[in-house]
Amino acid sequence: MTTVESARVLATPEDVARQIVLPEGHRDEARLFDAYRWLRDNNPLGQVAVGGYDPIWLVSKHADIMEIERQPQVFTSGGADQPGSHNPILQNQAGDAFTKQLTGGSLRILDTLTYLDPPEHTAIKDIAADWFRPNLKKWEEQIRALARDAIGKYLRAGTNDIDFVQQFALFYPLHVIMTLFGVPETDEPRMIALTQEFFGTADPDAQRADVEPLTPEAAAQQWAAAIQDFYAYFDALVADRRATPRDDLATLIASAKTESGEYYANTFAYGWFIAIATAGHDTTSSTMAGTIEQLAVHPDQLAAVRGDLTLVPDLINEGLRWSSPVKHFMRRATQDYTLRGQEIHAGDRFMLLYQSANRDADVFDDPDTFRLQRKPNKHIAFGYGPHMCIGQHLAKLELRILFEELLPRIKSIELTGDRKVVQTNFVGGLRSLPVRLELT
Ligand code: HEM
């Protein structure tokens, strides 16, 4: 086993580092989770330099991620638009170079929350913060109707031999967010395709036919093409809502104004739309599919929750911990700092490994077992600190309603074929989950 060379901490084996850093490493979840475990046990905070990528610190422990995330002034998300800048989403060097080429030198390809620090981050987040607050009760009936529609449309009484991801899970969360957002149902397939390109850049199953697969330049080009499609679409949406306001999230964002009473630059509206259109459904559908898979392998837990629907919120929390569909965000140190006894230097970059933190035995008993009634369950699948997911209450509401509607009808779930996982180190989970679902 060779060892990754870098200026300071050197102990992480190259195969462990590659498994975690490279998108292709994420296709084999068993090896990926072994690699996370190796880090937690042997080098919980270590620097690696994988070929083609800048050196980064891999942050595998729950406590360290929280320590980093609670100090945005020390560990910045921003600066992507400045020289010597930092990308809060890990790309390889060729990808970053290409992004800079596209933007004229900036890595901030979008004016969206993930690229910002307080106070700018706070001002932009506040535009929709109220809308996303926990009192989403008002949407409950509407979302329940959408859940029933989805079950009625894609599933039937008796035997359903389906790919749970491709033939069910992908549609409902997208439909919910697009409905609340104000995008017509006919445009939803376009949103799915674009999201898959946006997040699954390096995933061969998500390649555009008109771009050569898998070279770093092609991957960057594909990403840029997806963004251009989004811009054109949302250009029209902003203009429409400014001209004809409606009672939807699109209107709220399109009509937001700065303190001086001007509309925000269009790029901020696009940033919001893209964040919501992308973050708002793949994450939720991955969690739904990951949870169904665990219920299939734990029929006792399926019976328990089906028999007592008040356990659904616990099921969802464990499903979130287990699936952790957001695999990383990056931070950059703005100053020297000591973390877990290691000397951090200003400019160092950190890959926050949420999936690893959510299997950390310092926080979770028996972390590699799915436990419906895990209490406490302090997972950080939604992150932590000022960047913590704004959509968390909506995601939990959607999942709760879906499971409340679906579980009473499930007689059994059987896994019937090979699962497939999206090839990405950023946002993703199951791409395919063949199941036999017996419904009443
Ligand atoms: C199971 C579902 C979801 C998971 C696991 C998830 C996870 C995450 C995570 C880990 C972050 C980064 C937090 C951090 O940096 O500390 C995040 C940020 C974000 N999420 Fe979610 N998310 C989910 C659903 C949603 C939904 C439904 C929406 C919107 C409709 C949404 C919108 C956002 C936005 C806009 C951000 C950026 C927040 C910021 O940087 O301040 N997410 N999410």
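Applying the salt bridge (Lys or Arg N to Asp or Glu O under 4.0 Å) definition to pairs two or more places apart or across chains, those involving residues 304-324 are D314-K375, E318-R321, E318-R374.
Judged by a 6.0 Å distance limit and a 45° cone about the ring axis, R331 is not positioned over the six-membered ring of W57.
In terms of the salt bridge (charged side-chain N to carboxylate O under 4.0 Å, His left out) criterion, residue partners of E140 (sequence neighbours excluded) are, by chain and number, K137, R144, R400.
L406 contributes atom CG, which lies 5.5 Å from atom CD1 of I292 (distance to the nearest 0.5 angstrom). Here the CG-CD distance, from L39 to Q19, works out to 11.0 Å after rounding to the nearest 0.5 Å.
The residues R40 and D362 are annotated as not salt-bridged, no charged nitrogen and carboxylate oxygen being separated by less than 4.0 angstrom. Salt bridge E29/R431: absent, no basic N to carboxylate O contact under 4.0 Å. The pair E67-R340 does not count as a salt bridge, with every side-chain nitrogen at least 4.0 angstrom from each carboxylate oxygen. Salt-bridge annotation for D34 and R37: present, with a side-chain N of the basic residue lying under 4.0 Å from a carboxylate O of the acidic one. Between E24 and R18 there is no salt bridge, since no side-chain N of the basic residue sits under 4.0 Å from a carboxylate O of the acidic one.
There is no side-chain donor-acceptor pair under 3.5 Å between N377 and N317. No hydrogens or angles considered: nothing links the side chains of Q142 and T179 as a donor-acceptor pair under 3.5 Å.
Contact annotation: the side chain of S77 never approaches that of H121 to less than 4.5 Å [non-hydrogen atoms, C-beta and beyond]. Using a 4.5 Å heavy-atom threshold, the side chains of I410 and I413 count as touching.
Aromatic ring pairs are classed by plane angle as parallel below 30°, tilted from 30° to 60° and perpendicular above 60°; the pair F329 and F426 is perpendicular. Aromatic ring orientation, H26 versus Y36: perpendicular (interplanar angle above 60°, classes split at 30° and 60°).
Annotation for V238 and A269: closest pair CG2-CB, 3.9 Å, computed over non-hydrogen atoms.
Aromatic ring centroids of F181 and F273 lie under 6.0 Å apart. Separation of the Y270 and Y231 ring centroids falls under the 6.0 Å cut-off.
In terms of modelled atom types and a separation under 3.5 Å, the side chain of T334 and the main chain of V74 share a donor-acceptor contact. Judged purely by atom type and a 3.5 angstrom limit, T112 uses its side chain to pair as donor or acceptor with the backbone of G271. Between the side chain of S60 and the backbone N or O of P44, at least one donor-acceptor pair lies under 3.5 Å. A donor-acceptor distance shorter than 3.5 angstrom exists from the side chain of N358 to the backbone of I380, with no hydrogens or angles considered. Between the side chain of D360 and the backbone N or O of S356 there is no donor-acceptor pair closer than 3.5 Å. Looking at Y354, its side chain never comes within 3.5 Å of a backbone N or O of I65 through a donor-acceptor pair.
For D300, the CG atom counts as densely surrounded, since its 6.0 Å shell holds more than 12 non-hydrogen atoms of other residues, nucleotides or ligands.
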Does the pair R108 and E120 meet the rule for a salt bridge (Lys or Arg N to Asp or Glu O under 4.0 Å), with working shown? CA-CA 14 Å; R108 183 158 137 185; E120 189 184 21; 3.6 Å; yes
